[in-house]
Amino acid sequence: MKILPFDESLRLTNNDGSLEFFFLGTGSAFVKQNFQNNLLIIKGDDHLLVDCGSQCPIAFHKYKSAIMKVQNVFISHSHSDHAGGVEELALMHRYVTKTRPKIYINDSYKELLWNETLKGGLSYGESRETPYNKDVPGHYLSFDDYFEQIKPRPLCLVPRPMWEFRCGSINVKFFRTMHMPDGVPSWKESAWSTGILVDNRILFPADTRFDPDLLSWIEDAYHPEYIFHDCQSYTGGVHTSIDELKSLDPAIKSKIFLCHYADNFVNYDAKENGFAGMTQPGVYYNFDA
């Protein structure tokens, strides 16, 4: 794996079909530096935006691009730093590009994302009949007016639910995680949140409390090359702490790049504590170089 520098503008493709991660941001929800922890996956002619937080459109502008260039999106959960920019993504496509980006989402989370996050800002822009919502009183816009839903394929229920989809050449498996609320004993009682495994190679749990069962399952089944894991400086709450991650087996720790960190944590010496490093925003992690 090599870390390649950002050039003049953010690209959504590469010439050799290599798998790349570009973190638009690596910060936690309320950071004022480094933007929020949103990820762009690039492979050949294909791309997938994983999460679109409230700062994500600004991050695209910083990297000399625009959120409306995104054609494929996956949302891990509905916190604002992961879904707060989806409304702008939807509006820019509908009224500027006049296209519907693909969103990879199952029916249950589609309903949650629309009714509890997006509906208030998106459904009342037009009061007219559209091809997707003729039976809705008032003919307000619906989720399907903004997005083309691509339904993932269920893979398993044990040890926890996992689904799979392909975004062009990019294979993504996603699974339930144990994020919020704090104190809930397992993913079964937790609100909807998911992490992803890309091409059976790179693990990105997105947001999760400390969940060694998850890491053991993915390690035993897929042996990922690298893990980009969220972290916080204290134990408790809804994210994994550094002290909890430090307790992992050294072989697992050595694969972990820390992300989703606060502004005051950027100088933490990850390698000294056995991790692969701190995730950097604005560079290409090329896993085939």
Side-chain angles (χ1 to χ4, degrees), residues 21 23-39 50-56 58-59 75-85 160 174-187 189-197 202-219 224 226-283 285:
F21 279 16
F23 282 85
L24 293 143
T26 54
S28 54
F30 307 115
V31 292
K32 302 303 181 283
Q33 306 171 33
N34 294 328
F35 296 109
Q36 295 157 339
N37 198 48
N38 300 167
L39 166 65
V50 179
D51 290 337
C52 184
S54 55
Q55 299 176 5
C56 190
I58 306 171
I75 304 300
S76 67
H77 66 289
S78 295
H79 278 161
S80 180
D81 54 323
H82 296 264
R160 64 182 72 190
F174 68 98
F175 44 83
R176 287 291 309 276
T177 55
M178 185 176 66
H179 180 29
M180 69 277 188
D182 59 332
V184 171
S186 80
W187 63 265
E189 293 82 22
S190 297
W192 180 269
S193 63
T194 57
I196 64 171
L197 178 69
I202 314 299
L203 176 62
F204 179 59
D207 285 7
T208 181
R209 287 177 287 137
F210 188 48
D211 195 348
D213 290 342
L214 168 65
L215 295 176
S216 295
W217 169 41
I218 299 296
E219 174 64 23
Y226 296 99
I227 302 168
F228 292 84
H229 205 296
D230 66 320
C231 68
Q232 63 184 20
S233 60
Y234 60 92
T235 299
V238 295
H239 292 281
T240 306
S241 73
I242 287 295
D243 286 340
E244 289 169 324
L245 289 171
K246 284 167 65 175
S247 71
L248 293 170
D249 182 274
I252 298 292
K253 276 202 307 182
S254 67
K255 299 180 179 184
I256 292 178
F257 285 90
L258 302 173
C259 57
H260 202 283
Y261 45 83
D263 286 339
N264 63 357
F265 211 58
V266 69
N267 293 321
Y268 177 80
D269 194 335
K271 291 185 178 181
E272 185 179 80
N273 286 278
F275 301 106
M278 302 294 289
T279 306
Q280 302 174 45
V283 299
Y285 286 86

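- Ile58 is linked by a side chain to side chain contact (heavy atoms under 4.5 Å, CB included) to Phe35, counting only residues two or more places apart in sequence or in another chain.
- Considering Thr208, Thr177, Asp51, Asn37 as possible partners of Ser76, the one that fulfils the side-chain hydrogen bond (donor to acceptor under 3.5 Å, both in side chains) test is Asp51.
- Ser254 is linked by a side chain to side chain donor-acceptor pair (under 3.5 Å) to nothing, counting only residues two or more places apart in sequence or in another chain.
- For Ser28, the side chain to side chain contact (heavy atoms under 4.5 Å, CB included) partners two or more places apart in sequence, or in a different chain, are Val31, His260, Ala262.
- Here the side chains of Asp213 and Trp187 are not in contact, with every heavy-atom distance at 4.5 Å or above.
- Distance check: Gln36 CD to Cys259 SG gives 13.0 Å after rounding to the nearest 0.5 Å.
- Taking the ring centroids of Phe228 and Phe23, they lie under the 6.0 Å cut-off.
- Pairing each heavy atom of Pro205 with each of His229, the nearest pair is CG-CD2, 3.9 Å.
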Please test Ile242 against Phe265 for side-chain contact (heavy atoms from CB on, under 4.5 Å), starting from the C-alpha separation and ending with a verdict.
-> CA-CA 11 Å; Ile242 287 295; Phe265 211 58; 3.4 Å; yes
Between Ile256 and Leu248, is a side-chain contact (heavy atoms from CB on, under 4.5 Å) present by the stated rule, with each step listed?
-> CA-CA 10 Å; Ile256 292 178; Leu248 293 170; 3.8 Å; yes
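- Every side chain to side chain contact (heavy atoms under 4.5 Å, CB included) that Asn273 has, sequence neighbours left out, goes to Lys246, Tyr268, Phe275.
- Relative orientation of the His77 and His82 rings is tilted, given thresholds of 30° and 60° on the angle between their planes.
- Note: Thr279 OG1 to Leu39 CG = 9.5 Å, rounded to the nearest 0.5 Å.
- Across Ala191 and Arg176, no two heavy atoms sit closer than the pair O-NH2, 3.5 Å.
- When only modelled atom types and interatomic distance are considered, Asp207 and His79 share no side-chain donor-acceptor pair under 3.5 Å.
- The two atoms that bring Met178 and Ser193 nearest to each other are N-OG, 4.3 Å, heavy atoms only.
- Legend: residues meeting ring-ring contact (aromatic ring centres under 6.0 Å, His included) with Tyr261, ordered by chain and number and at least two apart, are absent.
- Under the 3.5 Å distance criterion, the side-chain polar atoms of Arg209 are matched with a main-chain donor or acceptor of His179.
- If you take CZ on Phe210 and CG on Leu215, they are separated by 7.0 Å, rounding to the nearest 0.5 Å.
- Contact between Ala29 and Gln55 at its shortest, heavy atoms only, is O-NE2, 4.3 Å.
- Note: Phe21 and Phe204 fail the aromatic proximity criterion, with ring centroids not under 6.0 Å apart.
- In this structure Glu189 satisfies the side chain to side chain contact (heavy atoms under 4.5 Å, CB included) test together with Val184, Pro185, Ser186, sequence neighbours excluded.
- Between the CZ atom in Phe30 and the CG atom in Asp263 there is a gap of 12.0 Å [rounded to 0.5 Å].
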Do Tyr285 and Tyr226 pass the side-chain contact (heavy atoms from CB on, under 4.5 Å) test, and can you show the C-alpha distance, the side-chain angles, and the key distance before you say yes or no?
-> CA-CA 11 Å; Tyr285 286 86; Tyr226 296 99; over 6 Å; no
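- To the nearest 0.5 angstrom, Gln232 atom CD is 12.0 Å from Leu258 atom CG.
- When every heavy atom of Ile75 is checked against every heavy atom of Ala83, the shortest pair comes out as CG2-CB, 4.0 Å.
- Annotation: side chain of Pro224 is in contact with side chain of Glu219 (closest heavy-atom distance under 4.5 Å).
- From Ile218, atom CD1 reaches atom CG of Leu203 across 6.0 Å, with rounding to the nearest 0.5 Å.
- Residues Gly237 and Asp182 share a closest heavy-atom pair of O-CB, 3.3 Å.
- With Asn38 contributing its side chain and Leu24 its backbone, the two residues share no donor-acceptor pair below 3.5 Å.
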